[in-house]
Amino acid sequence: MKKILMGYDFRREGFTALEDRFEVIYPENGNFSLAEIIEKISDADVLVPSFSYRTDKDIIEAGKNLKIIANFGVGYNNIDVDYATSKGITVTNTPQAVLEPTAELCFALMQATARRVGYYNYKLHNGARLDWSLYGELGMPLYGQTLGIYGMGRIGQAVARRAVASGMNIIYHNRNRLSEDIERIYNARYVDFDTLLTESDIISLNAPYTEETFHLMGETQFRKMKKTAILVNTARGQLVDDEALINALKTGEIYAAGLDVFPNEPKIPEGYLALDNVVLCPHAGTKTLTARTEMAKEVTKNIINFFEGGEINKVN
Ligand code: 8YV
């Protein structure tokens, strides 16, 4: 029987179809440590990696039998894909399962920042005074505003769909321009990055973390944004230079930010904690049991189809 090593003690919902076909090894509680993974992977055919450490050379090298690394998630910057490829190992991910839930949270952060839900809620819960007068502590609308989407892939488009329903105008920047047919669905206009920065009322980051996108948003970019603009990041923390963002939020260079992701999770850069114009979430884009189960099903499908033939979401 082929052997699957689970890096994390995933709930079994969505994984059950693996049980009668494979020997599946789960850690008892939480993660296998890096040392445990390196020891246990020697005879495994499949790895479903954990997120506490990168699946890099050391792990891949130790996986003498390894054929597939089936990532639980769409972003695969937690895996040294180039090295896996050089060893002939297939890497798969779960783009379908994360699509709607991530777009949903992205939109929730847009609403929570623009309409100040996070701020009001925090203040009221803490017994602080709020200005209940007609013109006190106003928020911003979404309706009629321009949403700039950086990364118009599947998640970006699911965000766009919600934005259209909310009466927003959409501009986007992407590695490749979309076809006119797809642009028409969202009435979306393709712009260069600079135009995205200067024209957007809200910027949503929906691109993967790559060398190209590392610190995509830094001091120069915040300076180009409108002072009334909002940044929402549900992609990866590394896309944003946190020090620059904290400064931009502090000095009023931009209006607010909604952040679901950070470079060293679960650590949150200290500077955000003192600011009341940033809404913070604990990488919650897919934090529903429905989403987790769908992700597990997509991982399961990738593994079974890899061995039995059929469609897989191969990234390399
Ligand atoms: C997951 C994600 O929470 O799919 C992704 O790339 O960031 C999230 O859906 C993550 O993969 C597991 O930590």
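Just so we're clear, the structure is a prediction, and the values are computed from it rather than from any experiment. Ligands are counted one by one from 1 in listed order, and the atoms in each one are counted from 1 as well. FYI, side chains are in, hydrogens and waters are out, and symmetry mates aren't considered; it's all heavy atoms of this structure.
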Residue M295 vicinity, atoms of ligand 1 by number, heavy atom under 4.0 Å: 1 (C), 9 (O)
Nearest protein heavy atom with distance in Å, relative to atom 4 (O) of ligand 1: V74 N, 2.7 Å
Salt bridge present between D201 and K226 (N-O < 4.0 angstrom): yes
Residues K297 and E294 bridged, charged N to O under 4.0 Å: yes
Ligand 1 contact on V98 by region, counting heavy-atom pairs under 4.0 Å: side chain
F10 ring center near F15 ring center (under 6.0 Å): yes
Contacting atoms of ligand 1, where contact means under 4.0 angstrom from a heavy atom of G73: 4 (O), 5 (C), 11 (O)
Where ligand 1 meets H283 - atom numbers and elements under 4.0 angstrom, heavy-atom basis: 2 (C), 3 (O), 7 (O), 8 (C)
Distance filter under 4.0 Å to R236 heavy atoms, resulting ligand 1 atoms: 2 (C), 5 (C), 6 (O), 7 (O)
R12 charged N/C atom sitting above Y26 aromatic ring, 6.0 Å / 45°: yes
Closest approach of any protein heavy atom to atom 11 (O) of ligand 1, naming residue and atom: F72 O, 3.1 Å
Geometric N/O contact F51 with ligand 1, under 3.5 angstrom: no
Side chain, backbone, both or neither: K287 near ligand 1, heavy atoms under 4.0 Å: neither
R292 and ligand 1 - part of the residue with a heavy-atom distance under 4.0 Å: side chain
Option with minimal heavy-atom separation from atom 6 (O) of ligand 1, where the choices are P208, S50, S52, G75: G75
Output field: ring centroids Y190/Y172 closer than 6.0 Å: yes
Identity and separation of the nearest protein heavy atom to atom 9 (O) of ligand 1: T286 OG1, 2.8 Å
Ring center gap for Y150 and F193 short of 6.0 angstrom: yes
Pair E183 + R189, salt bridge at N-O below 4.0 Å: no
Distance under 6.0 Å and angle within 45° of ring axis: K2 vs F22: no
